[in-house]
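The shown structure was predicted, so the numbers you read here are calculated from the model rather than taken from an experiment. Throughout, residue positions are numbered sequentially from 1 according to the sequence presented.
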Amino acid sequence: MPKTLNSRPRADGFRMPAEYEPHAGCFMVWPERPDNWRLGAKPAQEAFAAVAEAIGRFEPVTVGASAAQFANARARLSDAVRVIELSTDDAWARDTGPTFVVNGAGDVRGVDWGFNAWGGLSGGLYFPWDRDAAVARKILEAERRDRYEAPLILEGGSIHVDGQGTCIVTEECLLNENRNPRLSRKEIEALLRDYLAVDTIVWIPRGVYLDETDGHVDNLLCFSGPGEILLTWTDDRDDPQYERSLEALRILESSRDAKGNPFLVRKLVQPGPLFSTAEEARGVDYSASSAPRPAGGRLAGSYVNHYVANGAVIVPTFGVEQDGPALTVLAEAYPGREIVGVPGREILLGGGNIHCITQQYPAGQGGR
């Protein structure tokens with residue numbers, strides 16, 4: 001039976017692998033809360049189902065659904081997708097699911113980070129969040145994987161690793177006082193080194209403009225290979241994103257990975273800018289326990305927010321002119337993988353995108 005360990009991954013010989021390393025599968029959570037997803041979450045459910053089926057062409061997919069939504073999720077997903085009953089507060093598997101770690105023998109364990117809905121009572125997106133805080137442990141129990149309980153509030157979308165000792169994060173998120181106010185930057189770095197088995201941590205000041213996660217790195221940039229990075233970009237100097245992307249580029253150009261090599265940075269144009277419409281806003285139920293979604297709000301759209309599957313990359317598209325150029329850059333960044341575009345606006349309206357709603361399960365041995 002799985003157990004909660006008193007040690008830490010690095011000391012046990014475990015590391016977080018890069019997302020482009022082989023997977024055993026992918027976890028997702030079914031959306032349903034009407035105060036975040038418009039029209040009773042029906043458009044979002046269609047979008048999530050499309051993502052699950054796209055990933056399912058390349059690797060096994062498991063979708064967790066509440067008891068109230070289990071039959072609906074099962075009916076809307078093909079038999080190739082496994083559906084399990086899982087109570088949650090919302091549908092962000094990247095941030096609430098476990099961060100899986102592996103060792104050289106192929107054993108897989110999971111890190112269970114603290115979760116406070118992206119800021120708790122100081123800027124968090126909903127209350128309560130106790131069911132989401134339990135998601136990682138439930139998944140590890142279901143998969144019969146041992147668990148590390150990390151003494152750090154952290155979401156999976158706030159870290160990116162190359163699997164070779166390098167981690168990239170943003171100051172805007174990890175140093176935000178609404179996450180770990182009693183921990184210093186040095187103390188947070190020490191915990192990342194212990195739980196991810198990384199040696200080099202690159203700090204980027206800010207994430208994507210108006211990203212409600214307080215600047216998650218997974219919306220701004222990602223590793224597409226060892227030493228290779230995709231960076232959200234705009235050439236419009238009047239766009240607030242320009243300054244943020246430029247400062248990130250300058251830091252990356254002057255940094256080195258854990259092996260001492262410079263980064264190859266590919267610019268990945270941002271979509272739009274995109275804004276929510278009055279019709280979209282009217283479809284979201286008002287609730288005093290969740291953040292409002294007013295009409296006209298700028299959406300933190302990004303093609304970086306994609307999922308790397310076995311042999312493929314599942315990318316959000318938005319029906320805008322930037323879709324084509326973005327897919328071209330992604331094909332260059334991921335040679336040998338099929339680039340699969342899936343409509344992502346409905347997911348974006350809820351505050352994230354494809355990377356945010358997925359959590360890869362690395363290939364290993366043992367388990368269920």
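Across all their heavy atoms, W118 and D95 have their closest contact at NE1-OD2, 2.8 Å. The two residues A93 and M28 have their closest heavy-atom pair at CB-CA, 4.0 Å. Among all heavy-atom pairs drawn from V108 and P362, the shortest one is CG2-O, 4.0 Å. When all heavy atoms of R8 and Y195 are compared, the pair lying nearest together is NE-OH, 3.4 Å. Across every non-hydrogen atom of D146 and P2, the tightest pair is OD1-CA, 3.4 Å. A150 and V111 get closest at one heavy-atom pair: CB-CG1, 3.9 Å.
No side-chain heavy atom of R244 sits less than 4.5 Å from a side-chain heavy atom of V208. Side-chain contact check for R256 versus P262: some heavy-atom pair is nearer than 4.5 Å. In this structure, the side chains of D90 and D132 come closer than 4.5 Å at one or more pairs of heavy atoms. The side-chain heavy atoms of L230 and Y303, taken from C-beta on, include no pair separated by under 4.5 Å. With contacts defined as side-chain heavy-atom distances shorter than 4.5 Å, the pair W129/D89 qualifies. Taking the side chain as every heavy atom from C-beta outward, T170 and R206 never approach each other to under 4.5 Å. Counting only heavy atoms from C-beta outward, the side chains of V29 and W92 never approach each other to under 4.5 Å. In this structure, T88 and T96 have side chains that are not in contact, with every pair of non-hydrogen atoms separated by 4.5 Å or more.
Under the salt bridge (charged side-chain N to carboxylate O under 4.0 Å, His left out) rule, E143 has a single partner from R82, R137, K138, which is R82.
With hydrogens and angles disregarded, no donor-acceptor distance shorter than 3.5 Å links the side chain of S224 to the backbone of Y334. Side chain of D211 to backbone of D214: no donor-acceptor contact under 3.5 angstrom is found. Looking only at distances, a side-chain donor or acceptor of Q322 sits under 3.5 Å from a matching main-chain atom of G272. When atom types are taken as modelled, the side chain of D162 and the backbone of Q164 share a donor-acceptor pair closer than 3.5 angstrom. A donor-acceptor contact shorter than 3.5 Å links the side chain of S276 to the backbone of P294. Looking only at distances, a side-chain donor or acceptor of R337 sits under 3.5 Å from a matching main-chain atom of A309. Proximity of a side-chain donor or acceptor of D323 to a complementary backbone N or O of F318 within less than 3.5 Å is detected. Put simply, the side chain of S245 never gets that close to the backbone of Y242: no donor and acceptor are under 3.5 Å apart.
No hydrogens or angles considered: a donor-acceptor pair under 3.5 Å links the side chains of Q270 and D239. For the residue pair N116/R179, the side-chain donor-acceptor check at 3.5 Å is not satisfied. With no hydrogens or angles considered, a side-chain donor-acceptor pair links R94 and Q360 at under 3.5 Å. Residues S66 and E32 have side chains that bring a donor and an acceptor to within less than 3.5 angstrom of each other. Side chains of W37 and Q45: no donor on one and acceptor on the other come within 3.5 Å. Side-chain N/O atoms of Y148 and R109 include a donor and acceptor closer than 3.5 Å. Under the 3.5 Å distance criterion, with hydrogens and angles disregarded, a donor-acceptor pair is assigned to the side chains of R147 and T4. In this model, no donor atom of one side chain and acceptor atom of the other lie less than 3.5 Å apart for Y126 and D35. Side-chain contact check for E177 and S122: no donor-acceptor pair (N or O, by modelled atom type) lies under 3.5 Å.
Residue E321 qualifies as open at atom CD: its count of foreign heavy atoms under 6.0 Å is 12 or below. Heavy atoms from other residues, nucleotides or ligands lying under 6.0 Å from CD of E243 number 12 at most. Enclosure of atom OH in Y209 is not indicated, since only 12 or fewer non-hydrogen atoms of other residues, nucleotides or ligands lie within 6.0 angstrom. Within 6.0 Å of the CD atom in E46, the count of heavy atoms belonging to other residues, nucleotides or ligands does not exceed 12.
When hydrophobic clusters are built by joining Ile, Leu, Val, Met, Phe, Trp and Tyr residues whose side-chain heavy atoms come closer than 4.5 Å, directly or via intermediates, L140 is not grouped with L5. A continuous path of Ile, Leu, Val, Met, Phe, Trp and Tyr side chains, each step under 4.5 Å between heavy atoms, connects F48 with F70, placing both in one hydrophobic cluster. In terms of hydrophobic clustering, with Ile, Leu, Val, Met, Phe, Trp and Tyr side chains grouped at heavy-atom distances under 4.5 Å, L249 and F223 are assigned to a common cluster. Hydrophobic clustering (ILVMFWY, side-chain heavy atoms < 4.5 Å, transitive): V51 and I339 are in distinct clusters. V304 and I204 end up in the same hydrophobic cluster when Ile, Leu, Val, Met, Phe, Trp and Tyr side chains are linked at under 4.5 Å.
With rounding to the nearest 0.5 Å, the separation of CZ in R266 from CG in L231 is 12.5 Å. Separating the CG atom in L268 from the OG atom in S302 is a distance of 6.5 Å, to the nearest 0.5 Å. A distance of 12.5 Å separates NZ of K186 from CD1 of I201, quoted to the nearest 0.5 Å. Atom CD1 in I168 sits 5.5 Å away from atom CG in L252 (nearest 0.5 Å). Distance check: L174 CG to E155 CD gives 8.0 Å after rounding to the nearest 0.5 Å.
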Applying side chain to side chain contact (heavy atoms under 4.5 Å, CB included), run through L299 and R345 and close with a yes or a no. CA-CA 9 Å; L299 306 171; R345 185 174 177 91; 4.0 Å; yes

Please determine whether side chain to side chain contact (heavy atoms under 4.5 Å, CB included) holds for the pair M16 and I159, giving the CA-CA distance in whole Å, both sets of side-chain angles, and the decisive distance to 0.1 Å. CA-CA 11 Å; M16 180 183 177; I159 53 175; 4.1 Å; yes

Dump the intermediate steps for side chain to side chain contact (heavy atoms under 4.5 Å, CB included) on L191 and E187, then the final yes or no. CA-CA 6 Å; L191 289 170; E187 289 170 327; 5.7 Å; no

Using side chain to side chain contact (heavy atoms under 4.5 Å, CB included), reason through H23 and Y307 one step at a time and then give a plain yes or no. CA-CA 12 Å; H23 297 176; Y307 181 80; 3.0 Å; yes

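Residues Y361 and F27 place their aromatic rings such that the two centres sit under 6.0 Å apart.
Salt-bridge annotation for R193 and E189: present, with a side-chain N of the basic residue lying under 4.0 Å from a carboxylate O of the acidic one. Between E280 and R293 no salt bridge is recorded (no basic side-chain N to carboxylate O distance below 4.0 Å). One finds a salt bridge joining R38 and E346 here, because a Lys/Arg side-chain nitrogen approaches an Asp/Glu carboxylate oxygen to under 4.0 Å.
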Got a list of side-chain donor-acceptor pairs under 3.5 Å for residues 347-358, not counting sequence neighbours?
residue	atom	partner	partner atom	Å
N353	ND2	G344	O	3.2
H355	ND1	D218	OD2	2.7
H355	NE2	E19	OE1	2.8
H355	NE2	E19	OE2	2.9
T358	OG1	I354	O	2.8
T358	OG1	H355	O	3.2

